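The structure presented is a predicted model; accordingly, all values stated were derived computationally and were not measured. Read the numbers this way: they start at 1 and go in the same order the structure lists the ligands and their atoms. Values reported hereafter were calculated over all heavy atoms of this structure, with side chains retained and with hydrogens, waters and symmetry mates removed.
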Amino acid sequence: MSADRAPSVSGDAPDRVVIVHLFPDALNLYGDRGNILSLTRRAAWRGIGAEVRGIGAGDGAALAGADVIFIGGGADQHQRAVADALIELADPLRRAIDDGAALLAVCAGYQNLGHAFRSPLVGEIPGPGLLDVETEMPVGAERFVGGIALELDADSPIAAADPSGRRRVVGFENHSGRTTLGPTMRPLGRVVFGRGNDGSSGFEGAIAMPGEGGLRGLRIGTYLHGPLLPRNPHLADFVLASGLGRGRAVALPPLPDDPEWDAHQRFAADWTAIRPGVYRRSRIGRLRDRLGALIGF
Ligand code: GLN
């Protein structure tokens, strides 16, 4: 994006953002790294420099001073591979979030940061419980694959923070896990099309606002890949503003986001056009899904 899109820097926004990317190599399905690019560019366009720290096992010290923490998606085997390291990072992660860092967790990250993830492929993976959710992948479960759109509630803080009040969020989901929310989180949005948390509740994702659930930072978990933030600039800014303000969102000057909203609109239109057939798997396809779940393919 060109420099001519940059508005003046808001007086109360800090001039630097620290973004921590958890397990960037193991968990980076469908270009989840694009979320980091989106955050750094949106910061840069406002004159805010970004420091990105990719961290893995034993890097807890690097969480100090984090403004935004991001974790992406991966296969069950990747989730198993990072599980122990994630438990070891639980305390520094909790401290960073309680210090006001905003957490965004996508798909496998959403599942792994909850209380537990149970899969027939890799067994039970206990999580650090930073998101008040739990995920179960039933044997032979239908895989939810395709475009998804959510509608934020009318009183959603994300819509309220967006100057245009846009309430739709779009992305791509690919998961067999079914996620249930605990009492300290509420759904991110209502499914307009696609499957969402469990394919039947009509809800997608989980959000806890700063101060809720005993932690001072924002927490969002979602199944949306795509990557999520480039075509949902309202959500990108919500996370950025909350992290920069350590739980008290700073005012970010608006950006001319026409290309982002075009991409958002085109994605929604494409998937609206093809969606009737998307989830109807053939009998052979369903059999292959079941077999795959059993042999770990
Ligand atoms: N392995 C998980 C599932 O299929 C997460 C996949 C992902 O991150 N896309 O439920």
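Leu27 and Ile19 fall into different hydrophobic clusters, where Ile, Leu, Val, Met, Phe, Trp and Tyr are joined by side-chain heavy atoms under 4.5 Å apart, directly or via other members. Trp261 and Trp271 fall into different hydrophobic clusters, where Ile, Leu, Val, Met, Phe, Trp and Tyr residues are linked whenever their side-chain heavy atoms come under 4.5 Å apart, directly or through other members. Leu229 and Ile71 fall into different hydrophobic clusters, where Ile, Leu, Val, Met, Phe, Trp and Tyr are joined by side-chain heavy atoms under 4.5 Å apart, directly or via other members.
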* Please assess Arg46 against Val17 for the test side chain to side chain contact (heavy atoms under 4.5 Å, CB included), listing each intermediate value before the final yes or no. => CA-CA 11 Å; Arg46 287 144 164 149; Val17 60; over 6 Å; no
* Intermediate values then yes/no, side chain to side chain contact (heavy atoms under 4.5 Å, CB included), Phe70 and Val106 -> CA-CA 8 Å; Phe70 174 75; Val106 169; 3.7 Å; yes
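For ligand 1 and His175, the ligand atoms under 4.0 Å from any heavy atom of the residue are 3 (C), 4 (O), 10 (O). Taking a cut-off of under 4.0 Å to the non-hydrogen atoms of Ser176, the atoms of ligand 1 that pass are 3 (C), 4 (O), 10 (O). Heavy-atom contacts of Gly73 reach the following atoms of ligand 1: 8 (O) (cutoff under 4.0 Å). Distances below 4.0 Å separate heavy atoms of Ala108 from the following atoms of ligand 1: 8 (O). Distances below 4.0 Å separate heavy atoms of Met137 from the following atoms of ligand 1: 3 (C), 4 (O), 10 (O).
For the salt bridge (charged side-chain N to carboxylate O under 4.0 Å, His left out) condition, the pairs that include at least one residue of residues 63-92, sequence neighbours left out, are Asp67-Arg246. Screening residues 205-214 for side chain to side chain donor-acceptor pair (under 3.5 Å), with sequence neighbours left out, gives Arg186-Glu212.
Checked by atom type, the side-chain pair His264/Arg168 shows a donor-acceptor distance below 3.5 Å.
The protein heavy-atom contact nearest to atom 7 (C) of ligand 1 is Cys107 SG, 2.8 Å. Protein heavy atom at the shortest distance from atom 1 (N) of ligand 1 is Asp76 OD1, 2.3 Å. Given atom 6 (C) of ligand 1, the protein heavy atom at minimum distance is Gly74 O, 3.2 Å.
Residue contacts with ligand 1: Tyr223 is placed with no nitrogen or oxygen under 3.5 Å of a nitrogen or oxygen of the ligand (distance criterion only). For a threshold of 3.5 Å applied to N or O pairs, the pair formed by Leu29 and ligand 1 contains no separation below that value. The distance criterion of under 3.5 Å between nitrogen or oxygen atoms is met by Gly177 with respect to ligand 1.
The closest approach between a heavy atom of Glu173 and any atom of ligand 1 is not below 4.0 Å. For Arg143, the heavy-atom gap to ligand 1 drops under 4.0 angstrom.
Between the CZ atom in Arg42 and the CD1 atom in Ile48 there is a gap of 11.0 Å [rounded to 0.5 Å].
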